[in-house]
Engineer: 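Shown below is the structure under consideration.
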Protein chains: 2
Amino acid sequence: MNNDVVHRVDCPSRVILDQIADKWSMLVLAVLSEPRRFNEIKRLLEGITQRVLTQTLRRLERNGMITRRVLPGRPLGVEYSLTPLGRSLQGPFGELYDWTVSNMDAIQAFQRAYDSRTEQST
Amino acid sequence: MNNDVVHRVDCPSRVILDQIADKWSMLVLAVLSEPRRFNEIKRLLEGITQRVLTQTLRRLERNGMITRRVLPGRPLGVEYSLTPLGRSLQGPFGELYDWTVSNMDAIQAFQRAYDSRTEQST
DNA sequence: CGGGATCCAGGATGATACTG
DNA sequence: CAGTATCATCCTGGATCCCG
């Protein structure tokens, strides 16, 4: 990371980072390793509401990460799939995910230590 | 990414991801490539308020990413620096940052296209 | 200098109902 | 099925004041 520039408010990377570096975007992108339909994604991502999912999908679509395709036939069907751009994000996100998994235990240990150091006794 | 597990609400990686995959954490970590003091960080990160900076630093500290050291002497001084764990995050974050810089233009083009496709004319 | 405590407004979120 | 619309709510983040 170039520390001389990242922090500037006018650096476009900050704006972009804002768009992609959030939990749901990452998870949606992960789940879309293969094309999926709306409710399918929703089912896979336990805890997301359709409202938030819709917003996330729209944002990803606007940013050119995913494609929305209306399936012919009834009842309605919509399929989302990664664009090449979206797929190219799997690398960096994968790194981050792997790091998280590798260091999960260490982090939780730190948290416990911090909390016991912090919390007031009865 | 392992799609069979990422999305589960009970997967700890989701909790961790939540902690680290936010804008300010990434930027603070970036700026802390060398030890810095509170107001120094604040000055470097244009747009952050001391409240949010404090919260971000606390969270990072709790997660074992940074160390807080009170400097002896008057007036007060506090120095923050990366722990080995925090430093190990620079790799993944760097990847993401590099990706962002490389694809910034493409993304902004997508956004413009999407917006002109979407917005209603006068 | 480095915060903690408070107050307050606005945006994000959840739940629910309705539609093509 | 795949959303949109609405409303109540919650919580974050900004602004301020104060303290060691």
Side-chain angles (χ1 to χ4, degrees), chain A residues 7 9 14-15 17-28 31-32 34-63 65-81 114-115 117-120, chain B residues 7 9 14-15 17-28 31-32 34-63 66-81 114 117-120:
Chain A
H7 54 277
V9 279
R14 260 182 56 169
V15 183
L17 229 39
D18 246 9
Q19 299 274 318
I20 64 173
D22 78 291
K23 180 177 81 176
W24 290 122
S25 291
M26 291 191 52
L27 294 171
V28 168
V31 153
L32 280 184
E34 52 183 297
R36 292 185 193 280
R37 302 179 43 171
F38 187 86
N39 278 332
E40 195 178 358
I41 303 174
K42 184 171 180 303
R43 239 174 293 116
L44 288 169
L45 264 37
E46 295 180 26
I48 199 171
T49 61
Q50 87 283 57
R51 186 197 220 286
V52 173
L53 178 54
T54 300
Q55 293 171 341
T56 304
L57 289 169
R58 290 285 176 281
R59 183 155 30 80
L60 289 174
E61 192 191 356
R62 186 173 106 99
N63 290 336
M65 315 288 224
I66 65 175
T67 297
R68 187 187 120 108
R69 192 167 70 90
V70 178
L71 303 170
R74 301 245 24 189
L76 262 73
V78 180
E79 187 185 78
Y80 294 91
S81 50
Y114 184 94
D115 292 343
R117 209 182 316 134
T118 301
E119 68 190 17
Q120 320 302 346
Chain B
H7 54 276
V9 281
R14 260 181 57 167
V15 184
L17 230 39
D18 246 11
Q19 299 274 318
I20 64 174
D22 79 291
K23 181 176 82 176
W24 289 122
S25 292
M26 291 192 49
L27 293 171
V28 167
V31 153
L32 280 184
E34 52 185 296
R36 295 187 190 280
R37 304 180 40 172
F38 187 86
N39 279 332
E40 194 178 357
I41 302 173
K42 185 168 180 306
R43 239 174 294 117
L44 288 169
L45 264 38
E46 295 179 25
I48 198 171
T49 61
Q50 92 281 54
R51 186 197 219 276
V52 173
L53 179 54
T54 300
Q55 292 171 339
T56 303
L57 289 169
R58 287 288 174 279
R59 182 156 30 80
L60 290 173
E61 191 191 357
R62 186 173 104 101
N63 290 336
I66 65 175
T67 298
R68 188 186 119 110
R69 192 167 69 91
V70 177
L71 302 170
R74 303 249 20 196
L76 261 73
V78 180
E79 186 185 77
Y80 294 92
S81 50
Y114 184 94
R117 208 183 317 135
T118 301
E119 69 190 15
Q120 320 303 346

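Throughout, a chain's letter reflects where its sequence line sits, starting with A, and its residues are numbered from 1.
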Engineer: Between B:S81 and B:R69, do the side chains contain an N or O donor and an N or O acceptor separated by less than 3.5 Å?
Structural biologist: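 Judged by distance alone, the side chains do not pair up.
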
Engineer: Report the distance from atom CZ of A:R36 to atom P of D:dC1, rounded to the nearest whole Å.
Structural biologist: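 Going from A:R36 (CZ) to D:dC1 (P), I get 16 Å.
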
Engineer: From NZ of B:K42 over to P of D:dG14, roughly how many Å is that when rounded to an integer?
Structural biologist: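 Those two atoms, NZ and P, are 11 Å apart.
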
Engineer: At a heavy-atom distance below 4.0 Å, which nucleotide of DNA chain C is the first touched by chain A, and which is the last?
Structural biologist: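 Counting from the 5' end, contacts occupy C:dT13 to C:dG20.
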
Engineer: Is there a side-chain contact between A:R51 and A:Q55 in this structure, where contact means two heavy atoms from C-beta onward sitting under 4.5 Å apart?
Structural biologist: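 Result yes, sub-4.5 Å side-chain heavy-atom pair found.
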
Engineer: Pick base, sugar-phosphate or nothing for A:R51, based on heavy-atom distances below 4.0 Å to the nucleic acid.
Structural biologist: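 Base contact.
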
Engineer: Quick check: closest heavy atoms across A:G77 and A:R37, and the distance to 0.1 Å?
Structural biologist: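 Closest pair (atom of A:G77, atom of A:R37, distance): CA-NH2, 3.5 Å.
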
Engineer: Mind calculating the distance between CG (B:L45) and C1' (D:dG13) to the nearest angstrom?
Structural biologist: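 My rounded result for the distance is 15 Å.
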
Engineer: Expressed as a whole number of angstroms, how long is the span from B:Q50:CD to D:dT12:P?
Structural biologist: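 Roughly 17 Å, once rounded to whole Å.
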
Engineer: Between A:E34 and A:R36, does at least one N-O distance fall below 4.0 Å, as a salt bridge requires?
Structural biologist: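 Between A:R36 and A:E34 there is a salt bridge, with a charged N closer than 4.0 Å to a carboxylate O.
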
Engineer: When you measure from every atom of DNA chain D, which of residues 54-62 of chain A have a heavy atom less than 4.0 Å away?
Structural biologist: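 Under 4.0 Å from DNA chain D: A:T54, A:R58.
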
Engineer: Return whichever of A:W24 or B:L76 has its heavy-atom-nearest nucleotide of DNA chain C closer to the 5' end.
Structural biologist: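 Looking at DNA chain C, the more 5' nearest nucleotide goes with B:L76.
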
Engineer: State the CD1-CG distance between B:I66 and B:L32, to the nearest 0.5 angstrom.
Structural biologist: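 Between B:I66 CD1 and B:L32 CG, I get 6.0 Å after rounding to 0.5 Å.
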
Engineer: Hey, does the side chain of B:T49 come within less than 4.0 Å of D:dG13's phosphate (OP1/OP2), counting only N and O?
Structural biologist: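 No.
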
Engineer: With side chains defined as the heavy atoms from C-beta onward, is the minimum distance between B:T56 and B:L27 less than 4.5 Å?
Structural biologist: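 No; the side chains remain at least 4.5 Å from each other.
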
Engineer: Which heavy atom in A:L45 sits nearest to a heavy atom in A:V28, and how many Å separate them?
Structural biologist: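 So the two residues come closest at CD2-CG2, 3.5 Å.
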
Engineer: Roughly how far, to the nearest 0.5 Å, is CD of A:E79 from CZ of A:R68?
Structural biologist: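 Interatomic distance, A:R68 CZ to A:E79 CD, rounded to 0.5 Å: 12.0 Å.
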
Engineer: Would you indicate, yes or no, if D:dA2 has its OP1 or OP2 atom less than 4.0 angstrom from a side-chain nitrogen or oxygen of A:R37?
Structural biologist: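 True: A:R37 side-chain N/O within range (under 4.0 Å) of D:dA2 OP1/OP2.
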
Engineer: Considering all heavy atoms of both residues, which atom of B:V52 and which atom of B:W24 are nearest to each other, and what is their separation?
Structural biologist: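 That closest heavy-atom pairing would be CG1-CD1, 3.8 Å.
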
